Amino acid sequence: MRIAIQGETGSFHHQAAKHWFGNDVEILPGDTFTETFDLLSHGADQAIVAIENTLYGSINETLDLIEKHRYPIVGEIYLHIHQQLIGLPGADPSKVTHIYSHPVALVQCEQYLDAHFPHAERIEHHDTAGSVRLVAERNDPHIAAIAGVTAAETYNLAVLTPNIEDNDANLTRFLVINPHASAPVVGANKTSLALTTSHTPGALAHALSVFAKSGSNLTKLQSRPVVGDPWNYKFSIDVESAGDPLETQLAEIRQQGCTVTVLGQYTSGNTYE
């Protein structure tokens, strides 16, 4: 099986893919989320994509691509993110002058970097594991990267300082995308939706009340602008409902004049270290 990910071998996406699919798969890395979805159009069987992080928030690019391509979401997992300062074996952390990593990882470690590396230049890279590969290739003890332990092991580098994330409650939620899926996952208990309401007072509250009165919990509600329609918004929703109960709820919501797109019905995910 060929699995598309955003990032390189050793990245957090790679770790998530291994948790979901196991080790007996071929990983197809993409530099960007757009490339990852393109891989699904050119031979990849499924993909793993990050959708949100407890410190950084939602990744809107992923949301946009899921809606654009309409490839069904078939699963989710949560990965506890531990960021490491990684450099050449024997390097002195106090002499590091340049630190590379993905922008999200740099944000996750901002307080630590402010306190311990106020003068080091922070340089954005498209991937955490890719920044580790760069350090290995340059073979310079004055540069370091921020990434996971797996990336350090992949490129035979050293963890100079472990677990430098600013908050230990640092989890990333990944979605599993399968363009070949044609039906909800068996045993599904959760659904991702895109909802556009009529542009009238109380329209959103009226729509959400349908879930509330039937006891279906919302786990995500995010407003996003409708491109080309100023000051009108659509909503990304995750709700703990699926199958026939969901269809009944959506029928009522559509009767209110709302547009609803089901992006996937799947089983609530587990958390991995």
Side-chain angles (χ1 to χ4, degrees), residues 2-21 23 25-40 42-44 46-53 55-56 59-62 65 77 79-89 91 93 96-110 112-113 117 120-165 170-175 177:
R2 293 156 59 87
I3 307 302
I5 66 169
Q6 190 278 312
E8 301 185 15
T9 301
S11 66
F12 291 113
H13 273 85
H14 187 194
Q15 291 181 45
K18 290 195 295 183
H19 282 302
W20 185 269
F21 295 103
N23 294 318
V25 295
E26 180 183 355
I27 297 297
L28 305 179
D31 286 346
T32 65
F33 287 110
T34 297
E35 287 187 20
T36 303
F37 276 80
D38 286 343
L39 287 168
L40 282 173
H42 296 88
Q46 297 188 49
I48 289 268
V49 289
I51 189 67
E52 59 183 323
N53 173 267
L55 304 184
Y56 181 81
I59 302 173
N60 289 331
E61 182 182 2
T62 303
L65 287 164
I77 72 168
L79 188 64
H80 207 144
I81 304 298
H82 297 292
Q83 302 286 10
Q84 322 295 316
L85 184 70
I86 298 169
L88 297 182
V96 168
T97 59
H98 296 76
I99 299 175
Y100 292 80
S101 197
H102 190 278
V104 173
L106 292 171
V107 170
Q108 291 171 357
C109 304
E110 191 170 42
Y112 178 87
L113 296 176
F117 295 93
E121 183 177 357
R122 303 170 198 178
I123 304 172
E124 294 183 356
H125 195 275
H126 71 271
D127 181 53
T128 53
S131 67
V132 176
R133 175 178 53 79
L134 182 148
V135 172
E137 290 172 349
R138 294 193 178 178
N139 197 35
D140 183 346
H142 300 102
I143 66 173
I146 295 174
V149 171
T150 301
E153 295 171 346
T154 299
Y155 295 102
N156 297 313
L157 295 188
V159 174
L160 304 181
T161 309
N163 302 337
I164 65 172
E165 63 273 8
N170 184 18
L171 291 98
T172 294
R173 177 182 174 221
F174 296 84
L175 298 179
I177 309 295

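All of these numbers come straight from a predicted model, not from anything done at the bench.
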Next on the checklist: Using 0.5 Å steps for rounding, measure from the SG atom of Cys109 to the CG atom of Asn170.
Outcome noted: 7.5 Å
Checklist entry - Quick one: CD1 on Ile81 to CG on Asn53, what's the gap to the nearest 0.5 Å? => result 7.0 Å
Item to check | Side-chain donor/acceptor of Thr36 to backbone N/O of Ile5, under 3.5 Å | outcome: yes
Next on the checklist: With salt bridge (Lys or Arg N to Asp or Glu O under 4.0 Å) as the rule and sequence neighbours excluded, what pairs involving residues 4-15 come up?
Outcome noted: Glu8-Arg133
Checklist entry - Does the Asp140 side chain pair with the main chain of Val135, one donor and one acceptor, at a distance under 3.5 Å? => result no
Next on the checklist: To check you understand the geometry: which heavy-atom pair defines the closest contact between Phe117 and Pro93, and what is its length?
Outcome noted: CE2-O, 3.0 Å
Checklist entry - For Arg138, what residues pass the salt bridge (charged side-chain N to carboxylate O under 4.0 Å, His left out) criterion, not counting sequence neighbours? => result none
Checklist entry - In Å and rounded to the nearest 0.5 Å, what is the NE2 to CD distance from His102 to Gln6? => result 5.0 Å
Next on the checklist: Using 0.5 Å steps for rounding, measure from the CG atom of Leu39 to the OG1 atom of Thr34.
Outcome noted: 11.0 Å
Next on the checklist: Tell me whether Gln83 contacts the main-chain N or O of Glu165 through its side chain, where contact means a donor paired with an acceptor under 3.5 Å.
Outcome noted: no
Checklist entry - For Ile164, does its backbone N or O pair with a side-chain atom of Gln84 as donor and acceptor, under 3.5 Å? => result no
Checklist outcome for this item: The salt bridge (charged side-chain N to carboxylate O under 4.0 Å, His left out) partners of Glu52 (sequence neighbours excluded) come to Arg173, Lys220
Checklist entry - What closest approach, in Å, do Ser11 and Ala129 show between heavy atoms, and which atom pair accounts for it? => result N-CB, 3.5 Å
Checklist outcome for this item: Sequence neighbours excluded, the answer for ring-ring contact (aromatic ring centres under 6.0 Å, His included) partners of Tyr112 is His116
Checklist entry - Judged by atom type as modelled, is there a donor-acceptor pair below 3.5 Å linking the side chain of Thr172 to the main-chain atoms of Leu79? => result no
Next on the checklist: Restricting to non-hydrogen atoms, name the atom on Asp127 and the atom on Gly7 that form the minimum distance, rounded to 0.1 Å.
Outcome noted: OD1-CA, 3.2 Å
Checklist entry - Do you know which two heavy atoms are closest between Leu88 and Leu157, and how far apart they sit? => result CD2-CD2, 3.8 Å
Checklist entry - What pairs with His142 under ring-ring contact (aromatic ring centres under 6.0 Å, His included), at least two apart in sequence or on another chain? => result none
Checklist entry - Is it true that atom OH of Tyr56 has more than 12 heavy atoms of other residues, nucleotides or ligands lying nearer than 6.0 Å? => result no
Next on the checklist: Please report the interatomic distance CG(Leu134) to CG(Asn139), rounded to the nearest 0.5 Å.
Outcome noted: 12.0 Å
Checklist entry - Is the backbone N or O of Gly43 less than 3.5 Å from a side-chain atom of Arg2, with the two atoms forming a donor-acceptor pair by type? => result yes
Item to check | ring-ring contact (aromatic ring centres under 6.0 Å, His included) partners for Phe33, two or more places apart | outcome: His13
Next on the checklist: When you compare the side chain of Phe21 with that of Gln46, does any pair of heavy atoms fall below 4.5 Å?
Outcome noted: yes
